[in-house]
Amino acid sequence: MRASQFFMSTLKEAPGEAELVSHQLMLRAGLIRRLGSGLYTWMPLGLRVLRRVEAVVREEMSRAGALELLMPAVQPAELWQETGRWDQFGEQMLKIRDRHERDFCFGPTHEEVICDVARREIRSYRQLPVNFYQIQMKFRDEIRPRFGVMRAREFLMKDAYSFHEDYASLQATYERMYAAYTAIFRRLGLVFRAVAADTGAIGGSGSHEFHVLADSGEDAIAYCPDSPYISNVELAEALAPAGERPAPSQALARRDTPGKTTCADVAAFLQLPVTQTIKALLGKDGEGAAVLLLLRGDHDLNDVKIGKVVPGWQLASDAEITELLGPVRGYMGPVGIDRSRIRVVADRSAAHLADFVCGANAAPVHLTGVNFGRDLPEPDLVADIRNVLAGDPSPDGQGLLALARGIEVGHIFQLRTKYSNAMQVSFLDRNGKATTPEMGCYGIGVSRVVAAAIEQNHDARGIRFPRALAPFDVSLIPMGLGRSELVREATEALYATLQAAGIDVLLDDRDERPGVLLADQELIGVPFRFVIGERGLKEGVLEFQARDQEEAVKVPVAEALATLQAALQAAQTV
RNA sequence: CGGGGCGUAGCGCAGCCCGGUAGCGCGCCUGCUUUGGGAGCAGGAUGUCGGAGGUUCGAAUCCUCUCGCCCCGACCA
């Protein structure tokens, strides 16, 4: 490709809308342009990158036995009503109506559609297992789209759905997909981890998330540096503190704490560690019964965990607090409350405390030296309801946890029969009996992968694309194409040679100054470049430089192709 | 949804407080010079100042409403 025939649109300055480096660079390099909130056009250069991600995904999916199909982006409401998700999915689903006033949505995912395909097409166990996949635009009306293509509303996703005659077959395919995902992200040159995950809204049992590690990641991951343990923070178990709860050693006392409504403030005011305080969260369960949660002052409630222990958990409003306990916002505590009306659920760490500090249910007063069993009854339930912190013991008992941040680029689930059952998919098994197939589903955020890769591979000059997703393999940068016949001939010859060798080359023949050409090539992240100048040509050499190297090397003109091929080979991540 | 911020040329911004008819840098166009790291000089084009209404002799500037975009937001009971 000649740059003069291509469309490059780079910016010196990043538009103010971009916060993340990857977002800024994608805009500056002209990979994407924004149309509206969470909506992006993939410009020719960006589309090349996206297509290369797709190519790797397709290759590995098909190697793992999956079959590509393409389902409609627009889906009839009836399908979603069958699984009950028409209402459940909520605001995230973009609902649309056609000219006949019939309801549709722009598909946020495709379980319903694939089940519809399956129930029409699959009749016999002989057709199983099958794994269908597609690469296609999804739309989710995110509460807050941000970070460009990272959390966009419209995004490109590879989603696969497998059907099985039994659980063993599902597990086998799940393993295969796990391996395929590992191969895909490795080939894309990403530093990633597979993480045990919560199954979230989609439902089902076994599940792994694939995270690209990056400080800007939206997800927190807990792992143990001394063992293989790794998990999404939502799932990581916070072990109970070792040993028995210490015996009470202090008398109960009331302390005025005006204006000190947070645990941190109270602790600082009383000159005690926050770990000696307990915060109380009032709410209600699915039945509307009042529940008071107790957490150590430095701990945070884990929504997923509490949902399992107190189904339907919801935080109380100010009005509800006042109704149950009086106007004690900021000074709430578990002491002296009507336990017949309010159930107390304590986190393991909170339940282990002795001589702790908590609100007195009277403003502005806190209690100190509080002890379970003496000053208040034991909690009705002790459970793990908090997020783990760095330094907590690893759940596998082999050291301490550390926290990292990750960008979720892939997620695999064992759905079991949740959807196949709701959608009445069935086939005849070997005994001629109608059976509901086991299902798995496997997603990759294709457009997000591009952003994640840039997040992980950039420097002050711009993007440093891993070879597998770079828009071009190499760029040719002639010094004075229009002035020097020598340079022109050498450049055209090299361009022809490389193209003949099947290399994806970008010849930057634009009538720009050398500085512009060099800076643009670095910005857009092409992994290798040749600089062709009279100076070198007179010695019979070209300059060859990898995007991630500081220095160029001189290469005899005749060896240019071989040098590049060797470098491309070495950069091939398989 | 709640809170905060911003909408002025393609991009980055100033002007707004204190009303007087819009400016800077980059980019773009033309010419000359230049040519190994985002050139120099000269000339030029480009704005319904997000939109609507109001106040005023006069509004980018003040007021009201609206639309869009960006950032933050479990709880701290």
Side-chain angles (χ1 to χ4, degrees), chain A residues 9-20 23-24 27-28 30 33-39 91 143-148 234 260-268 274 277-283 290-307 313-322 324-335 337 342 344 347 358-363 366 385-387 461-462 477-484 487 510-523 529 531-537 542-543 545 552:
Chain A
S9 189
T10 57
L11 299 171
K12 250 189 219 179
E13 292 170 288
E17 70 195 47
E19 178 94 342
L20 272 199
H23 188 191
Q24 291 174 352
L27 289 169
R28 285 227 289 137
R33 293 276 105 111
R34 189 178 66 80
L35 178 64
S37 180
L39 302 172
E91 301 280 293
I143 300 174
R144 187 143 90 85
R146 60 186 128 174
F147 306 145
E234 290 178 338
K260 311 294 175 190
T261 58
T262 73
C263 285
D265 285 351
V266 170
V274 208
T277 63
I278 280 187
K279 66 173 136 192
L281 283 68
L282 185 66
V291 182
L292 190 71
L293 305 186
L294 302 182
L295 288 162
R296 214 171 73 183
D298 58 324
H299 287 156
D300 289 336
L301 180 65
N302 177 310
D303 290 327
V304 174
K305 291 178 180 177
I306 191 62
W313 159 261
Q314 248 192 321
L315 211 64
S317 65
D318 279 5
E320 289 168 321
I321 293 172
T322 305
L324 275 158
L325 298 173
V328 294
R329 188 186 165 80
Y331 296 92
M332 225 161 65
V335 181
I337 59 173
I342 305 174
V344 171
D347 181 67
C358 64
N361 290 321
H366 276 81
I385 58 171
R386 71 176 175 93
N387 284 334
R461 297 180 163 189
I477 308 178
M479 293 291 124
L481 195 64
R483 276 175 292 121
S484 163
V487 169
R510 291 177 299 166
D511 185 20
E512 290 287 352
R513 300 173 61 84
V516 175
L517 301 183
L518 291 166
D520 269 356
Q521 293 307 320
E522 283 160 350
L523 176 60
R529 79 179 188 206
V531 172
I532 304 130
E534 272 201 328
R535 220 158 60 189
L537 288 175
L542 305 169
E543 285 166 40
Q545 187 172 352

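Here is how names work: the chains are called A, B, and so on, in the same order as the sequence lines, proteins then strands, and each is numbered from 1. Side chains included, hydrogens not; waters and symmetry mates left out as well; all remaining heavy atoms used.
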J.: Which whole-number value in Å describes the distance from A/E19 CD to B/rC69 P?
T.: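 Interatomic distance, CD of A/E19 to P of B/rC69: 17 Å.
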J.: Counting Watson-Crick and G-U wobble pairs only, both distances under 3.5 Å, name the nucleotide matched with B/rC62, or none.
T.: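 Pair assignment: B/rC62 / B/rG54.
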J.: Tell me the partner of B/rG73, counting only Watson-Crick (N1-N3 plus N6-O4 or O6-N4) or G-U wobble (N1-O2 and O6-N3) with both under 3.5 Å; none if nothing fits.
T.: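 Per the H-bond distance test, B/rC1.
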J.: Taking the same atom, P, in B/rA22 and in B/rA59, what whole-Å distance lies between them?
T.: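 Looking at atom P only, B/rA22 and B/rA59 are 13 Å apart.
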J.: What does nucleotides 31-37 of chain B look like as a protein-contact string, B for base, S for sugar-phosphate only, - for none, at under 4.0 angstrom between heavy atoms?
T.: ---BBBB
J.: What are the two closest heavy atoms between A/L11 and A/L27, and how far apart are they?
T.: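 Shortest heavy-atom separation between A/L11 and A/L27 comes out as CD1-O, 3.8 Å.
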J.: When the C1' atoms of B/rC26 and B/rU21 are compared, how many Å lie between them, rounded to an integer?
T.: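 Looking at atom C1' only, B/rU21 and B/rC26 are 27 Å apart.
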J.: Counting Watson-Crick and G-U wobble pairs only, both distances under 3.5 Å, name the nucleotide matched with B/rG43, or none.
T.: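 WC or wobble partner is B/rC29.
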J.: Can you check the distance between B/rU8 and B/rC24, where both ends of the measurement are the C1' atom (answer in whole Å)?
T.: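 My reading of the C1' atoms in B/rU8 and B/rC24 gives 12 Å.
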J.: What N/O pairs connect the protein and nucleotides 10-14 of chain B at under 3.5 Å? Give each pair on its own line.
T.:
from, atom 1, to, atom 2, distance (Å)
B/rG12, OP1, A/G16, N, 2.8
B/rG12, O2', A/E13, OE2, 3.4

J.: Taking atom C1' of B/rC76 as reference, at what distance in whole Å does atom CG of A/L293 sit?
T.: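 My rounded result for the distance is 13 Å.
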J.: Report, one pair per line, the protein and nucleotides 4-6 of chain B atoms (nitrogen or oxygen only) whose separation is under 3.5 Å.
T.:
none

J.: Residues in side-chain hydrogen bond (donor to acceptor under 3.5 Å, both in side chains) with A/Q545, at least two apart?
T.: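 If we apply the side-chain hydrogen bond (donor to acceptor under 3.5 Å, both in side chains) test to A/Q545, skipping adjacent residues, the hits are A/R529.
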J.: Using both distances under 3.5 Å as the test, list the Watson-Crick or G-U wobble partner of B/rC17, or none.
T.: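 Paired with B/rC17, as far as the under-3.5 Å criterion goes, is no nucleotide at all.
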J.: List every contact pair, protein side and nucleotides 73-75 of chain B side both N or O, where the distance is under 3.5 Å.
T.:
from, atom 1, to, atom 2, distance (Å)
B/rA74, N6, A/D300, OD1, 2.1
B/rA74, N6, A/D300, OD2, 2.9
B/rA74, N1, A/L301, N, 3.2
B/rC75, O2, A/K279, NZ, 3.1

J.: Taking only residues two or more places apart in sequence or in another chain, which ones pass side chain to side chain contact (heavy atoms under 4.5 Å, CB included) with A/R483?
T.: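 Applying side chain to side chain contact (heavy atoms under 4.5 Å, CB included) to A/R483 gives none.
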J.: What is the nucleic acid contact for A/D520, judged by heavy atoms within less than 4.0 Å: base, sugar-phosphate only, or nothing?
T.: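 It contacts base atoms.
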J.: With a 3.5 angstrom cut-off on both distances, give the Watson-Crick or G-U wobble partner of B/rA22, or none if there isn't one.
T.: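 When the pairing criteria are applied, nothing turns out to pair with B/rA22, so the answer is none.
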J.: Can you tabulate the close N/O pairs, meaning under 3.5 Å, that link protein atoms to atoms of nucleotides 44-46 of chain B?
T.:
none

J.: When rounded to the nearest Å, what value does the distance between P atoms of B/rG4 and B/rG40 take?
T.: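 Rounded to whole Å, the distance is 44 Å.
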J.: Residues two or more places apart in sequence or in another chain: which of them pass side chain to side chain contact (heavy atoms under 4.5 Å, CB included) with A/A290?
T.: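 A/A290 satisfies side chain to side chain contact (heavy atoms under 4.5 Å, CB included) with A/L324, A/I342 only.
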J.: Is a side-chain donor or acceptor of A/R386 paired with a backbone partner of A/N302 at a separation under 3.5 angstrom?
T.: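 Not confirmed, A/R386 side chain does not pair with A/N302 backbone.
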J.: Heavy atoms, side chains only, cut-off 4.5 Å: are A/I385 and A/W313 in contact?
T.: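 They are not in side-chain contact.
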J.: Answer whether the closest heavy-atom distance between the side chains of A/L282 and A/L293 falls below 4.5 Å.
T.: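 Not touching, per the 4.5 Å side-chain cut-off.
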J.: Determine the interatomic distance between P on B/rC63 and the same-named atom on B/rG7; round to the nearest Å.
T.: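 Roughly 15 Å separates the two P atoms.
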J.: Can you list the residues that meet the side-chain hydrogen bond (donor to acceptor under 3.5 Å, both in side chains) rule with A/R34, with sequence neighbours excluded?
T.: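 Counting only residues at least two positions away or on another chain, A/R34 forms a side-chain hydrogen bond (donor to acceptor under 3.5 Å, both in side chains) with A/E17.
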J.: For A/H299, enumerate each residue passing the ring-ring contact (aromatic ring centres under 6.0 Å, His included) test, keeping only those at least two apart in sequence or located in another chain.
T.: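 In terms of ring-ring contact (aromatic ring centres under 6.0 Å, His included), with neighbours along the sequence ignored, A/H299 is linked to no residue.
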J.: Provide the Watson-Crick or G-U wobble partner of B/rG68, both distances under 3.5 Å; none if there is no partner.
T.: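 Across all strands, the one nucleotide that pairs with B/rG68 is B/rC6.
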J.: Between B/rC70 atom P and A/L20 atom CG, what is the distance in whole Å?
T.: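 Value for this atom pair: 13 Å.
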J.: Of all heavy-atom pairs between A/G533 and A/M479, which one has the smallest distance, and what is that distance?
T.: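 Heavy-atom minimum between the residues: CA-CB, 3.9 Å.
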J.: Which one of A/D347, A/D300, A/D265 satisfies the salt bridge (Lys or Arg N to Asp or Glu O under 4.0 Å) criterion with A/K279?
T.: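 Result: among A/D347, A/D300, A/D265, A/D300 is the only option passing the salt bridge (Lys or Arg N to Asp or Glu O under 4.0 Å) with A/K279.
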J.: Taking only side-chain nitrogens and oxygens of A/S37, does any of them come within less than 4.0 Å of OP1 or OP2 of B/rG68?
T.: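 Result: no.
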J.: Indicate the atoms forming the closest heavy-atom contact of A/A18 with A/Q24, along with that distance.
T.: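 Distance-wise, the nearest heavy atoms are O-NE2, 3.3 Å.
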J.: If we call it a pair only when both distances are under 3.5 Å in a Watson-Crick or G-U wobble match, what pairs with B/rG36?
T.: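 The answer is none; no pair meets the criterion.
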J.: Using the P atom on both, measure B/rC16 against B/rU56 and round to a whole Å.
T.: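 It comes out at 24 Å once rounded to the nearest Å.
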J.: Can you check the distance between B/rA60 and B/rC49, where both ends of the measurement are the P atom (answer in whole Å)?
T.: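 About 7 Å, rounded to a whole number of Å.
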J.: Rounded to whole angstrom, note down the P distance from B/rC11 over to B/rC69.
T.: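 Per the computed distance, 15 Å lies between those P atoms.
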J.: Considering residues at least two apart in sequence or located in another chain, which fulfil the side chain to side chain contact (heavy atoms under 4.5 Å, CB included) criterion with A/E512?
T.: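 Testing A/E512 for side chain to side chain contact (heavy atoms under 4.5 Å, CB included), a comparison that skips the adjacent residues, returns A/R510, A/V516, A/L517.
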J.: Excluding sequence neighbours, so at least two apart, what forms side chain to side chain contact (heavy atoms under 4.5 Å, CB included) with A/N361?
T.: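 A/L325, A/V328, A/M332, A/I337.
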J.: Specify the separation, in whole Å, of atom CG of A/L27 and atom P of B/rC69.
T.: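 The distance from CG of A/L27 to P of B/rC69 comes to 15 Å, rounded to the nearest Å.
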